[in-house]
Amino acid sequence: MSEETPTKPNNFIRTIIDADIASGKHQGRVATRFPPEPNGYLHIGHAKSICLNFGIALDYHGTCNLRFDDTNPHKENAGFVEAIKSDVRWLGYDWGDRLFYASDYFQRLYDYAVELINKGKAYVCDLTPEQTREYRGTLTEPGRNSPFRDRSVEENLDLFARMRAGEFQDGEKILRAKIDMAASNMNLRDPAIYRIRHGVVHHQTGEAWCIYPMYDFTHCLSDAIEGITHSLCTLEFEDHRPLYDWFLDTLDVEHHPQQIEFSRLELEYTITSKRKLTQLVDEGHVEGWDDPRMPTLAGMRRRGYTPASIRDFCDRIGVTKSTNNVEMSVLENCVREDLNRCAPRRLAVLHPLKVVLENYPDGQEEILQAANHPQDEAMGTREIPFTRELYIDREDFLEVAPNKKFKRLVSGGEVRLRNAYVIRCDEVIKDGNGEIIELRCSYDPDTLSKNPEGRKVKGVIHWVSAPHAVKAEVRLYDRLFNQPNPGAGGEGGAFTDHLNPDSLLTLTDCRLEPSLQDVEPGAFFQFEREGYFCRDPDRSHGLPVFNRTVTLRDSWAKIEKKGG
RNA sequence: UGGGGCGUCGCCAAGCGGCUAGGCACCGGGUUUUGAUCCCGGCAUACGCAGGUUCGAAUCCUGCCGCCCCAGCCA
């Protein structure tokens with residue numbers, strides 16, 4: 001990363017790592033991994049994990065592997081693999097040559113399963129899924145041993161080999177670890193470690209296997225094989241840690257990584273559940289995984305969030321085991337801060353209102369210079385044409401000021417046109433319905449780059465030259481849900497009831513300054529007084545499309561709200 | 001009624017026996033050709049509750065209370 005990192009985040013995981021290094025554990029080595037299952041797109045919650053794992057590797061001069069946890073071919077595909085790789089890269093991280101797949105280890109995993117059987121620690125079970133559930137017991141009652149639990153090693157070896165050879169149907173048999181059916185931790189009640197899956201083509205291994213290892217068996221061994229030192233995962237896996245350790249203690253492995261759990265990110269007014277995000281896409285509530293309203297990295301990228309702002313966000317929210325629900329304002333502050341620093345300023349009128357300067361010569365055209373950034377001269381200037389006919393935003397004009405704090409244009413009043421002259425509104429033209437359709441104004445030729453004499457003009461508004469204006473579509477986004485915690489309330493799927501019907505507002509008659517004519521998709525700007533926007537790749541309507549990433553902080557809106 | 005976690009300001013979060021960091025939000029004020037940015041100041045009983053140990057506890061002990069996770073041949 002080229003950015004300077006002034007203060008490294010501190011958290012309990014880094015504290016553990018510091019202690020491990022001090023004590024010489026793992027020979028002082030630090031190796032982490034980011035292990036997504038390729039069954040969906042990465043979201044802001046994954047960003048937390050990516051920043052944690054890759055960030056630690058960077059700061060401790062260690063390594064971080066990208067490993068696809070691809071043990072369930074049913075839900076996975078190569079498209080997700082590619083999308084995930086590109087998202088991690090976009091976020092700013094590099095796994096070098098350490099790209100792995102759990103499926104790379106299928107043969108070794110199979111061998112480990114055989115070792116388990118040989119040690120009398122695994123058996124082939126013929127119980128149906130329903131029976132297995134009955135035998136498992138409940139949270140408060142112990143389970144019962146499977147009638148197949150005491151098969152001989154020879155029989156298990158033979159059966160497992162035949163499972164692999166494809167002699168049995170899906171669900172007919174599974175391989176189970178032999179641990180303790182009375183364990184208070186449900187995960188230890190003889191968990192399944194291999195299941196039979198015919199008829200699916202695995203995106204990496206094709207049809208080479210018809211049995212697939214389960215997560216609990218695969219993950220710890222993959223970590224061990226790769227020499228991972230600290231295996232960081234979310235809290236729901238806390239109960240799995242005894243199992244993680246059991247496999248590594250039972251089998252003959254060289255490394256025993258330490259699993260450490262942290263709490264997942266919850267962000268107000270959105271969801272970070274892959275299942276629910278998939279539902280939003282599948283049911284058409286959004287236009288796709290990269291819909292700018294989605295909390296996916298692809299969506300946020302399209303919305304205009306920068307990688308640096310997301311990394312900053314992850315630093316700020318910290319890493320703990322506490323339940324959390326982070327306010328959207330933290331994320332918004334991060335983008336604003338980054339974009340304020342690097343987004344070139346532009347003038348763009350979202351709700352155009354025609355202004356005619358009656359004392360400006362018809363046909364005359366001036367080229368004015370405007371700074372691309374008010375604080376950063378190095379960003380240079382651009383030229384903007386000034387003519388007799390302009391557009392200003394309808395929200396910047398009111399016939400009479402609602403209060404003395406209002407400093408935009410009013411009838412008979414003056415206002416500064418940003419980077420140009422001071423104008424006065426002389427006449428308001430309305431149509432038959434009383435709708436204001438045009439303003440007749442006059443400009444003060446002696447106010448370019450200097451204040452008028454004898455009076456002060458407080459307001460500054462943005463504008464564009466009508467004959468030069470670029471027509472564009474602008475999409476304004478708001479929160480996807482209207483509830484702070486739409487995902488709460490269990491797995492009922494009722495979260496879609498909380499979708500915000502106004503999460504997208506499309507403006508199709510916007511006018512931009514000419515320099516915005518041919519900018520690349522992804523290019524970002526601050527439209528002065530409006531917010532940060534970026535060019536969308538969509539060209540289907542013929543008009544350029546801009547997405548609003550986030551508004552500017554708006555203290556006027558607060559004053560208005562208070563004033564009534 | 002089993003097991004595993006969590007509970008410090010509105011939201012995050014430091015702290016690990018000796019004046020409760022910081023960020024976001026919010027509230028004032030200053031600068032300003034973006035009501036932006038930037039700058040200054042404020043947020044004086046916030047350590048879940050109740051006991052206990054101690055000269056001293058958010059930090060240690062005990063007991064409560066609240067919330068989350070676990071009964072996939074998902075990860």
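Note that the structure is a prediction, hence the values are computed from the model and not measured. Quick note on labels: first sequence line is chain A, next is B, and so on, each numbered from 1. Values reported hereafter were calculated over all heavy atoms of this structure, with side chains retained and with hydrogens, waters and symmetry mates removed.
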Task: Stepwise side chain to side chain donor-acceptor pair (under 3.5 Å) check, A/Tyr135 with A/Asp190 - done: CA-CA 10 Å; A/Tyr135 273 79; A/Asp190 289 9; over 6 Å; no

Task: RNA chain B contacts among residues 258-270 of chain A, heavy-atom distance under 4.0 Å - done: none

TODO: Report yes or no: do A/Arg346 and A/Ser515 form a side-chain donor-acceptor pair below 3.5 Å?
DONE: yes

TODO: Give the B/S/- string for nucleotides 70-75 of chain B, one per nucleotide from 5' to 3', where a protein heavy atom under 4.0 Å of the base yields B, of only the sugar-phosphate yields S, and otherwise -.
DONE: BBSBBB

Task: Salt bridge present between A/Lys274 and A/Glu37 (N-O < 4.0 angstrom) - done: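 Here A/Lys274 does not pair with A/Glu37 in a salt bridge, since their nearest N and O are not under 4.0 Å apart.
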
Taking pairing as Watson-Crick or G-U wobble with both contacts under 3.5 Å, can you name the mate of [N], or confirm there isn't one?
| N | value |
| --- | --- |
| B/G2 | B/C70 |
| B/C49 | B/G63 |
| B/A57 | none |
| B/A36 | none |
| B/C26 | B/G42 |

- [ ] State which residue, out of A/Tyr110, A/Tyr105, A/Phe106, A/Phe217, fulfils the ring pair (Phe, Tyr, Trp, His ring centres under 6.0 Å) condition with A/Tyr212.
- [x] A/Phe106

- [ ] Evaluate whether atom CD of A/Glu130 has more than 12 neighbouring non-hydrogen atoms of other residues, nucleotides or ligands under 6.0 angstrom away.
- [x]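 Yes, the 6.0 Å shell around CD holds more than 12 heavy atoms from other groups.
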
TODO: Classify the glycosidic conformation of B/G72 as syn or anti, calling it syn when the angle lies within 90° of 0.
DONE: syn

Task: Gap between atom NZ of A/Lys173 and atom CD1 of A/Ile196 - 0.5 Å precision - done: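 A/Ile196 atom CD1 to A/Lys173 atom NZ measures 7.5 Å (nearest 0.5 Å).
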
Open item on the list: So, taking the atom named CG in A/Asp70 and the one named NE2 in A/His203, what distance separates them when rounded to the nearest 0.5 Å?
Closed with: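 Result: 4.5 Å between the selected atoms.
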
When we call it a touch if two heavy atoms are under 4.0 Å apart, what does [X] touch: a base, just sugar-phosphate, or nothing?
| X | result |
| --- | --- |
| A/Leu188 | nothing |
| A/Arg345 | base |
| A/Arg416 | base |

Open item on the list: Please check: side-chain N/O of A/Arg189 versus main-chain N/O of A/Arg136, any donor-acceptor pairing under 3.5 Å?
Closed with: yes

Open item on the list: Determine whether a donor-acceptor pair (N or O, by modelled atom type, separation under 3.5 Å) exists between the side chain of A/Gln259 and the backbone of A/Phe237.
Closed with: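 Such a contact is found between A/Gln259 side chain and A/Phe237 backbone.
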
Under-3.5 Å N/O pairs linking protein and nucleotides 27-29 of chain B:
from: B/G28; atom 1: OP1; to: A/Lys562; atom 2: NZ; distance (Å): 3.2

Task: Phosphate-side-chain proximity, A/Ser322 and B/C6, N/O vs OP1/OP2 below 4.0 Å - done: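 So the side chain of A/Ser322 is outside the cut-off, no N or O lying under 4.0 Å from OP1 or OP2 of B/C6.
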
- [ ] Would you please confirm or rule out a distance under 4.0 Å between OP1 or OP2 of B/A13 and any side-chain N or O of A/Arg316?
- [x] no

Task: Side-chain-base donor-acceptor pair under 3.5 Å for A/Glu530 and B/U34 - done: no

Nucleotide nearest [X] (side chain, heavy atoms from C-beta), chosen from [options]:
| X | options | answer |
| --- | --- | --- |
| A/Ser555 | B/C12, B/A36, B/U34 | B/A36 |
| A/Asn10 | B/G15, B/C24, B/A13 | B/G15 |
| A/Glu238 | B/A13, B/G35, B/G4 | B/G4 |

Open item on the list: Which label fits A/Phe34 and A/His46: parallel for a plane angle under 30°, tilted from 30 to 60°, or perpendicular past 60°?
Closed with: perpendicular

TODO: Check the pair A/Val460 / A/Arg529 against side-chain contact (heavy atoms from CB on, under 4.5 Å), numbers first and verdict last.
DONE: CA-CA 9 Å; A/Val460 180; A/Arg529 304 209 311 129; 5.5 Å; no

Open item on the list: Given the ring of A/Tyr391, does A/Arg511 sit roughly above its face, with NZ or CZ under 6.0 Å from the centre of the six-membered ring and within 45° of the axis?
Closed with: yes

